[in-house]
Number of protein chains: 2
Amino acid sequence: MPKKSELLPGTLDMLILKTLTRAPLHGYGIAQSIKRLSEDVLTVEEGSLYPALQRLLLQGWVKAEWKKTETNRRARYYTLTPEGRKQLGEELSQFEVMIAAIGRVLQDA
Amino acid sequence: MPKKSELLPGTLDMLILKTLTRAPLHGYGIAQSIKRLSEDVLTVEEGSLYPALQRLLLQGWVKAEWKKTETNRRARYYTLTPEGRKQLGEELSQFEVMIAAIGRVLQDA
DNA sequence: CTAAATATATAGACTATCTATGGATAGATC
DNA sequence: GATCTATCCATAGATAGTCTATATATTTAG
């Protein structure tokens, strides 16, 4: 049985941005948070996570700064920018529209 | 403003298989059906549709035969196989699990 | 006669995911 | 002191699934 993707493609940026509305967080913590909240259904692989964070940085939707974690480790903390918050809003509403549309196609009647 | 995808990536096969549970249909008709049922939200481009149908054929989830349409045009009609029906069931439940998981991450609380 | 709609298909670009790899440090255990 | 596990970052390369663009052909409408 071929292993399917751990994510629904196209939703990762939205999930990351949403996670950062709660508090600034480092990459590893973002991945953990998504995994935990999704009850282990969504797993963000490192090879997806870090490129995604680079994309978000490049587009100005998040900013980053190096800090120490509570456990005294160096980590790069990401913060949502106002543009990122706006982008999140658009992605959320677009996502809802899509899901509703898919729902209509999947209905039996 | 960069144009977003007309589909939620990863859902096309499921949408096609679902469409074929209603009746055998040709490619063009499948695309039309998805567009209509989704109320114009989901648009299946030709460059996505035909490769997808090739994939489904290759995996034995659909079979195809050339026929005439009602309007006397040649078209390739696709029919869902038993394996395709099974596959659809798996994709549907997997999709629901994913959507529920995303919903949990997107919740505010 | 021409344009739009119906119908199939491929090539090539692009994007986002994955696997695999590499590195580094902290804390716990042996 | 060694080693293991968890924490943390990041990139390269493979793969997959979209998209745009193109090609072909027929039917219907204006």
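Below, chains carry the letters A, B, ... as their sequence lines are ordered, and counting in each starts from 1. The figures here come from the full heavy-atom set of this structure, side chains too, leaving out hydrogens, waters and symmetry mates.
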Base-contact (B) and sugar-phosphate-only (S) positions in nucleotides 25-30 of chain D, heavy-atom cut-off under 4.0 Å, - elsewhere: BBS---
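Partners of A/Tyr50 according to the ring-ring contact (aromatic ring centres under 6.0 Å, His included) rule, which considers only residues two or more places apart in sequence or in another chain, do not exist here. Residues forming a side chain to side chain contact (heavy atoms under 4.5 Å, CB included) with B/Glu83 (at least two apart in sequence, or on another chain): B/Trp61, B/Thr81. Every side-chain hydrogen bond (donor to acceptor under 3.5 Å, both in side chains) that B/Thr69 has, sequence neighbours left out, goes to B/Thr71. Residues passing the side chain to side chain contact (heavy atoms under 4.5 Å, CB included) test with A/Lys86, sequence neighbours excluded: A/Glu90. Annotation: side chain to side chain contact (heavy atoms under 4.5 Å, CB included) contacts of B/Thr79 (sequence neighbours excluded): B/Pro24, B/Lys63. Listed by chain and number, the residues in a side chain to side chain contact (heavy atoms under 4.5 Å, CB included) with B/Ala100 are B/Arg104 (sequence neighbours excluded).
How far CE of B/Met98 is from CD1 of B/Ile102: 7.0 Å, rounded to the nearest 0.5 Å.
Counting to the nearest Å, the P atom of C/dA7 and the CD atom of B/Glu70 are 9 Å from each other. The CE atom of B/Met14 sits 11 Å away from the P atom of D/dT18 (whole-angstrom rounding). Here the P atom of nucleotide D/dC9 and the NE2 atom of A/His26 are 6 Å apart, to the nearest Å. Going from atom CG of A/Leu56 over to atom P of C/dT15 covers 15 Å, rounded to whole Å. Regarding A/Tyr28, its OH atom lies at a distance of 16 Å from the C1' atom of C/dG23, rounded to whole Å. Between the P atom of C/dC14 and the CD atom of B/Glu6 lies a distance of 19 Å, rounded to the nearest Å. Rounded to whole Å, the distance from NZ on A/Lys35 to P on D/dA6 is 12 Å. Between the CG atom of A/Leu8 and the C1' atom of C/dA16 there is a distance of 12 Å, given to the nearest Å.
Close to C/dA26, at under 4.0 Å from its OP1 or OP2, lies no side-chain N or O of A/Arg74.
Identified under the salt bridge (Lys or Arg N to Asp or Glu O under 4.0 Å) test for residues 10-21 of chain A, with sequence neighbours left out: A/Asp13-A/Arg55, A/Lys18-B/Asp108. Among residues at least two apart or in separate chains, there is no ring-ring contact (aromatic ring centres under 6.0 Å, His included) pair with a member in residues 82-104 of chain B. Note on residues 70-91 of chain B: pairs passing ring-ring contact (aromatic ring centres under 6.0 Å, His included), not counting sequence neighbours, are B/His26-B/Tyr77.
A/Ser33 places no side-chain N or O within donor-acceptor distance of the main-chain N or O of A/Gly29, the cut-off being under 3.5 Å.
Closest to the B/Arg55 side chain, of the nucleotides D/dC9, D/dC19, D/dG17, is D/dG17. The side chain of A/Leu7 lies closest to C/dC18, out of C/dC18, C/dT10, C/dA7.
Residues from residues 61-69 of chain B placing a heavy atom under 4.0 Å of any atom in DNA chain C, listed by number, are B/Trp66, B/Thr69. Against DNA chain D, the stretch residues 37-53 of chain B makes heavy-atom approaches under 4.0 Å through B/Glu45, B/Glu46, B/Gly47, B/Ser48.
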